[in-house]
Amino acid sequence: MSPINMQRIATLTSAEVWTPVCGQQDLVDNSGVVVWLAGVQVALFYLPAAEGKTLYAIDNHDPQSGANVIGRGLIGNIKGEMVVASPIYKQHFRLEDGSCLEYPQQRLRVWPVRFNEGVVEVAQA
């Protein structure tokens, strides 16, 4: 097999699969909505007035409390970073990468997310 074909096969096996999870009309501006994706709760945050990225997908499971509550957290901006505050212990997670500001050892999983003709799609690797 030629090197070009091997490279194509590697690209195909690591490709993301986009899964529709809800409609854009199901989102609540500046708030969280939780969807089910392959056995995991994913919190979607839609920030229509934000500059740059406006849609985020992050794990709904709070590692500090063990509860599935991140989608009910408050959205804020700390030092230019968009964050969600867990509603139980109030620790802040960056929406962009899931890292916790107060506890660097904690991190929430994040997923690529996009709008596709009015449908919200989340990528799975």
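The model shown is predicted, which means the values in this text are computed figures rather than measured ones. Side chains included, hydrogens not; waters and symmetry mates left out as well; all remaining heavy atoms used.
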(request) Indicate whether the side chain of Gln106 and that of Gln64 have a donor and an acceptor atom separated by less than 3.5 Å. (result) yes
(request) Please examine the side chains of Glu16 and Gln124, heavy atoms only from C-beta on, and report whether any two atoms are closer than 4.5 Å. (result) no
(message) Is there a path of hydrophobic side-chain contacts, each under 4.5 Å between heavy atoms, that joins Tyr56 and Val83?
(response) no
(request) For His92 and Ile78, run side chain to side chain contact (heavy atoms under 4.5 Å, CB included): C-alpha distance rounded to whole Å, both residues' side-chain angles, the deciding distance at 0.1 Å, then the answer. (result) CA-CA 9 Å; His92 299 89; Ile78 297 178; 3.6 Å; yes
(message) For Leu74, give me all partners under side chain to side chain contact (heavy atoms under 4.5 Å, CB included), at least two apart in sequence or on another chain.
(response) none
(message) Atom CZ of residue position Phe115 - does it have more than 12 heavy atoms of other residues, nucleotides or ligands inside 6.0 Å?
(response) yes
(request) Using a 4.5 Å cut-off on heavy atoms from C-beta on, say whether the side chain of Ile75 contacts that of Met82. (result) yes
Show every donor-acceptor pair shorter than 3.5 Å between a side-chain atom in residues 26-50 and any protein atom, with sequence neighbours excluded, or say none if there are none.
from	atom 1	to	atom 2	distance (Å)
Asp26	OD2	Gly23	N	2.8
Gln41	OE1	Asn60	ND2	2.7

(request) Report yes if some heavy atom in the side chain of Phe93 is under 4.5 Å from a heavy atom in the side chain of Ile70; otherwise report no. (result) yes
(message) Test of understanding: clusters of I, L, V, M, F, W, Y form through side-chain heavy atoms closer than 4.5 Å, transitively. Do Ile58 and Leu55 belong to the same one?
(response) no
(message) Quick one: does any side-chain atom of Asn77 pair with a main-chain N or O of Gly80 as donor and acceptor, under 3.5 Å?
(response) yes
(request) Taking the side chain as every heavy atom from C-beta outward, state whether Leu101 and Gln91 have any pair of such atoms under 4.5 Å apart. (result) no
(message) Under 4.5 Å between side-chain heavy atoms, counting indirect links through other Ile/Leu/Val/Met/Phe/Trp/Tyr residues: same cluster for Leu95 and Val110 or not?
(response) yes
(request) For residues Arg107 and Asp97, determine if any side-chain heavy atom of one lies less than 4.5 Å from a side-chain heavy atom of the other. (result) yes
(request) Nearest 0.5 Å please: distance from the SG atom of Cys100 over to the CG atom of Leu108. (result) 8.0 Å
(message) For Val69 versus Ser86, what's the shortest heavy-atom pair and its separation?
(response) CG2-OG, 4.2 Å
(message) If I take atom CD1 from residue Ile88 and atom CG from residue Asp62, how far apart are they, to the nearest 0.5 angstrom?
(response) 6.0 Å
